[in-house]
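Here the structure is laid out as structure tokens; the discussion comes afterwards.
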Amino acid sequence: MIIFVAYRYSSSPEPASVARLVAVAVLGAILASRREEQQADIRLRVMRLISQHPEMSTRQVADEVGISIGSAYCALSALVEKGFVKLGNFKKKSRKGQYAYLLTPKCIREKSLLTHSFIERKREEFEVLKAEIKALEEEAGLAAEATLASRSGKQ
């Protein structure tokens, strides 16, 4: 991860200003990382969805994934541009203008990699949540003991 920090040259920079700029830069990097994770999650969900239902419309994809139609269109267009998805036409259907999204072998590989990274990220989140829950339970246990001691008059 590369962090760019804007720094204003002056004869005596204020430490608080520099610290604020660094904090903003770090926060920006964290938010960018989260945005990338969210986009990867959306790509994975779209891939999984169209692998199960290749004839879905962009509107249906958007509804199922929980994103806007414009975002769904961009996600599907990006998958097509990258060669992950090909558009197939329904020749025998009455709606001949309707397309099917067909996953390419390249997409199946990418889907596998995205799934692996998604699982690893969720495992890490799970471990952090378990530790937080344990800490809260311990804190609540200590709080309960303190309440019992104060009710019985002990300190």
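For the numbers below, each heavy atom of this structure counts, side chains included, while hydrogens, waters and symmetry mates do not.
Using a 4.5 Å cut-off between side-chain heavy atoms of Ile, Leu, Val, Met, Phe, Trp and Tyr, with links allowed through other members, Val85 and Leu102 fall into different hydrophobic clusters. Hydrophobic clustering of Ile, Leu, Val, Met, Phe, Trp and Tyr side chains at less than 4.5 Å, counting indirect connections, unites Val80 with Ile50. Residue Leu114 is grouped with residue Leu49 when hydrophobic side chains (ILVMFWY) are merged at heavy-atom distances under 4.5 angstrom, including chains of intermediate members.
By the 4.0 Å N-to-carboxylate-O rule, Glu137 lies too far from Lys134 to be salt-bridged with it. Of the charged side-chain nitrogens involved, at least one lies within less than 4.0 Å of a carboxylate oxygen, so that Arg123 and Glu120 count as a salt-bridged pair. Between Glu124 and Arg121 no salt bridge is recorded (no basic side-chain N to carboxylate O distance below 4.0 Å).
Applying the salt bridge (Lys or Arg N to Asp or Glu O under 4.0 Å) rule to Arg59 yields no partners; only residues at least two apart in sequence or on another chain are considered.
Tyr73 and Thr58 get closest at one heavy-atom pair: N-CG2, 3.6 Å. Taking all atoms of both residues into account, the shortest heavy-atom contact from Val61 to Ala72 is CG1-CB, 4.3 Å. In terms of heavy atoms, Ser51 sits closest to Pro54 at O-CD, 4.4 Å. For the residue pair Met47 and Phe84, the shortest heavy atom distance occurs at CE-CD1, 4.1 Å.
For the atom pair CD (Gln38) and CD1 (Ile67), the distance works out to 11.5 Å, reported to the nearest 0.5 Å. Here the CD atom belonging to Glu37 is positioned 10.5 Å from the CZ atom belonging to Phe118, to the nearest 0.5 angstrom. Distance check: Cys107 SG to Lys86 NZ gives 12.0 Å after rounding to the nearest 0.5 Å. Interatomic distance, Glu64 CD to Arg48 CZ, rounded to the nearest 0.5 Å: 12.0 Å. Separating the CD atom in Gln60 from the CD1 atom in Ile69 is a distance of 10.5 Å, to the nearest 0.5 Å.
The one candidate from Val46, Leu103, Thr104 that meets the side chain to side chain contact (heavy atoms under 4.5 Å, CB included) condition with Leu79 is Val46.
Phe126 has its side chain out of reach of Lys122: every pair of non-hydrogen atoms, C-beta onward, lies at least 4.5 Å apart.
Dense packing is recorded around CD of Glu125, with more than 12 heavy atoms of other residues, nucleotides or ligands lying under 6.0 Å away.
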Would Lys111 and Leu44 count as a side chain to side chain contact (heavy atoms under 4.5 Å, CB included) here? Give the steps. CA-CA 6 Å; Lys111 184 176 152 203; Leu44 177 60; 3.9 Å; yes

Could you please spell out the steps behind the side chain to side chain contact (heavy atoms under 4.5 Å, CB included) verdict for Lys106 and Glu110? CA-CA 6 Å; Lys106 185 178 176 182; Glu110 178 71 10; 5.9 Å; no

